[in-house]
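Written below as structure tokens is the structure these notes are about.
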There are 2 protein chains.
Amino acid sequence: MKRITKISDSAVRRLSHYLRFLDEFEAAGQRTVSSGDLAERGGITSAQVRKDLSHFGSFGKRGTGYPVGALRERIVEILGLGRTWRVAVVGAGKLGAALFQYGGFRRQGFEVVAAFDTDPAKIGRRWGEVVIDDVADLARVVRKRQIEIAIVTTPAEAAQDVADALVAAGIAAILNFAPRKLAVPLEVTLRDVSLTIELESLTFALTHRER
Amino acid sequence: MKRITKISDSAVRRLSHYLRFLDEFEAAGQRTVSSGDLAERGGITSAQVRKDLSHFGSFGKRGTGYPVGALRERIVEILGLGRTWRVAVVGAGKLGAALFQYGGFRRQGFEVVAAFDTDPAKIGRRWGEVVIDDVADLARVVRKRQIEIAIVTTPAEAAQDVADALVAAGIAAILNFAPRKLAVPLEVTLRDVSLTIELESLTFALTHRER
DNA sequence: TCGTGTGAACGAATTCACAGCG
DNA sequence: CGCTGTGAATTCGTTCACACGA
């Protein structure tokens, strides 16, 4: 197997897409897929698909394509999905609740084992099995439950403090929905999701469309 | 003013970031910012900032930097935020509700003027001023209220049908939260936000960290 | 002098195009 | 023959480095 050195972020995201497509092909009973099949689904070129996959070795059969099941398993492994990941949701507002209850979650191996808020009215309430804890207890709980990934859905003002507490508790990765640029040390993986930025990239596109 | 030809998607997103930073600098009473100031906030290089801004003309003063207010206004204009945009939320579940109530929204010039669902229990309910309509009426309502942007928060299974209806109704842009790749014609601007893909890019990073 | 604006150099990612294997 | 795997060519984005203006 090839040594994984530097894979671009966009290539990794494409792997996630391929995974969805493979599920669909598998569900449809297809045993093999060509790079062209996957490319068509993803709206990209077949060369792109082959290049992406070739970074991780070669499992395609020339003249035939890739075996759906095996390729799927391989991508699951590459993405690190062959295990469950323990997740905390920090900020038990509407967005936190929406993400928590999202089913695809559990199915992909993400297990939300803690939720936090500062609102006394929310602390102690339950989301299914999970009791909402006080953010003040964050470090203790994160450590005790060996949580590796945190999803931050607090208001902007609280986000950096929460991030600091998470870092202090030894979190490995943060997925940040708060509209604020977070400062975290390099060893903590950070990803931002911003509704505002997505919308603004839409309005930019709409404003500067072909003329 | 310079002709806007091809600006990379990442450059546009950085403009959104600069806008946030400028708000902060303005709130702090700072009258001018240098590319270095902005770069520091964004964790990028000053050359990147200057290059990004230079695509749209030059308003910096050498030796001084950029006037905060004027630059802010300019970026607002570039991103197409100098007007309000009429938005519909399709899918009145928890996620739709969370996005709807997000305040930063209105402040940035996005006005949610319609919400849709298929659930009879939800249709007719109100979100503030907005009455939840039946998805069956989508085309009519989108046209009548001159909605340009749709935020799709339906389950994956329903997303493509909704997208088709939106396209038929003449929507200009779709922000898709459903975990499904949508097919839309080229003239419709589409952007995907996927919790799953973000999480998987995190687990990839965690799995392949420095060794 | 300081910091912008920008061509030139560089580096990264995508696409091309084809040899080679099933 | 069909489709993979991959170097080579190309395109695209970022960084460098410096001339020039405030």
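In terms of the side-chain hydrogen bond (donor to acceptor under 3.5 Å, both in side chains) criterion, residue partners of B:E24 (sequence neighbours excluded) are, by chain and number, B:R41. Remark: A:Y18 pairs with A:D52 by the side-chain hydrogen bond (donor to acceptor under 3.5 Å, both in side chains) rule, at least two apart or across chains. B:F25 meets the ring pair (Phe, Tyr, Trp, His ring centres under 6.0 Å) test with no other residue; sequence neighbours excluded. With sequence neighbours excluded, no residue satisfies side-chain hydrogen bond (donor to acceptor under 3.5 Å, both in side chains) with B:E26. The ring pair (Phe, Tyr, Trp, His ring centres under 6.0 Å) test applied to A:F21 returns no partner, not counting sequence neighbours. Applying the side-chain hydrogen bond (donor to acceptor under 3.5 Å, both in side chains) rule to B:D23 yields the partners B:R72; only residues at least two apart in sequence or on another chain are considered.
Atom CG of B:D9 and atom C1' of D:dT14 are 16 Å apart (whole Å). The distance between atom NE2 of B:H55 and atom P of C:dT6, rounded to the nearest whole Å, is 10 Å. Following rounding to the nearest Å, A:I44 (CD1) and C:dT15 (P) show an atom-to-atom distance of 8 Å. As a whole-Å value, the separation of A:D37 CG from D:dC3 P is 8 Å. In this structure, A:K6 places its NZ atom 8 Å from P of C:dA12, rounding to the nearest Å. Between the CZ atom of B:F56 and the P atom of C:dT6 there is a distance of 13 Å, given to the nearest Å. Atom-to-atom, NZ of A:K61 to P of D:dG5 comes out at 10 Å; the value is rounded to the nearest Å. Whole-Å rounding puts the B:F59 CZ to C:dT6 P distance at 11 Å.
Around the CD atom of A:E40, the shell of radius 6.0 Å holds no more than 12 heavy atoms that belong to other residues, nucleotides or ligands.
Residue A:Q48 has a polar side-chain atom (N or O) positioned under 4.0 Å from OP1 or OP2 of C:dT15. Taking 4.0 angstrom as the limit, A:S10 places none of its side-chain polar atoms (N or O) nearer than this to OP1 or OP2 of C:dA12. A close approach under 4.0 Å does not occur between any side-chain nitrogen or oxygen of A:S8 and OP1 or OP2 of C:dA12. In this model, the phosphate group of C:dT14 is approached by a side-chain N or O of A:R14 to a distance below 4.0 Å at OP1 or OP2. The shortest distance between the side-chain N/O atoms of B:S58 and the OP1/OP2 oxygens of C:dT4 is not below 4.0 Å. For D:dG5, the OP1/OP2 oxygens have a side-chain nitrogen or oxygen of A:Y66 closer than 4.0 Å.
At a threshold of 4.0 angstrom between heavy atoms, the contacts of B:S46 with the nucleic acid are absent.
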Distance-only donor-acceptor pairs under 3.5 Å for side chains of residues 78-99 of chain A, two or more places apart:
residue: A:R83; atom: NH2; partner: A:E148; partner atom: OE1; Å: 2.8
residue: A:R83; atom: NH2; partner: A:E148; partner atom: OE2; Å: 3.1
residue: A:W85; atom: NE1; partner: A:G80; partner atom: O; Å: 2.7
residue: A:R86; atom: NE; partner: A:R145; partner atom: O; Å: 2.6
residue: A:R86; atom: NH2; partner: A:R145; partner atom: O; Å: 3.0
residue: A:K94; atom: NZ; partner: B:Q101; partner atom: OE1; Å: 3.2

Which donor-acceptor pairs under 3.5 Å do side chains of residues 174-185 of chain A form with protein atoms, sequence neighbours excluded?
residue: A:N176; atom: OD1; partner: A:A178; partner atom: N; Å: 2.9
residue: A:N176; atom: ND2; partner: A:A178; partner atom: O; Å: 3.1
residue: A:N176; atom: ND2; partner: A:R180; partner atom: O; Å: 3.1
residue: A:N176; atom: ND2; partner: A:D192; partner atom: OD1; Å: 2.8

Could you pull out the protein-nucleic contacts involving nucleotides 7-11 of chain C (nitrogen or oxygen on both sides, under 3.5 Å)?
residue: C:dG7; atom: O6; partner: B:K51; partner atom: NZ; Å: 3.4

Check: protein-nucleotides 17-19 of chain C nitrogen or oxygen pairs below 3.5 Å:
residue: C:dA17; atom: N6; partner: A:R50; partner atom: NH2; Å: 3.4

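Formation of a donor-acceptor pair under 3.5 Å by the B:R74 side chain with backbone atoms of B:F56 is found in this model.
Contact check on B:R13 versus A:E198 returns a salt bridge, with a Lys/Arg side-chain nitrogen under 4.0 Å from an Asp/Glu carboxylate oxygen.
If you check residues 16-35 of chain B against DNA chain C, the residues with a heavy atom closer than 4.0 Å are B:S34, B:S35, listed by number.
Every pair passing side chain to side chain donor-acceptor pair (under 3.5 Å) that includes a residue from residues 156-171 of chain B is listed here, sequence neighbours excluded: B:Q160-B:D164.
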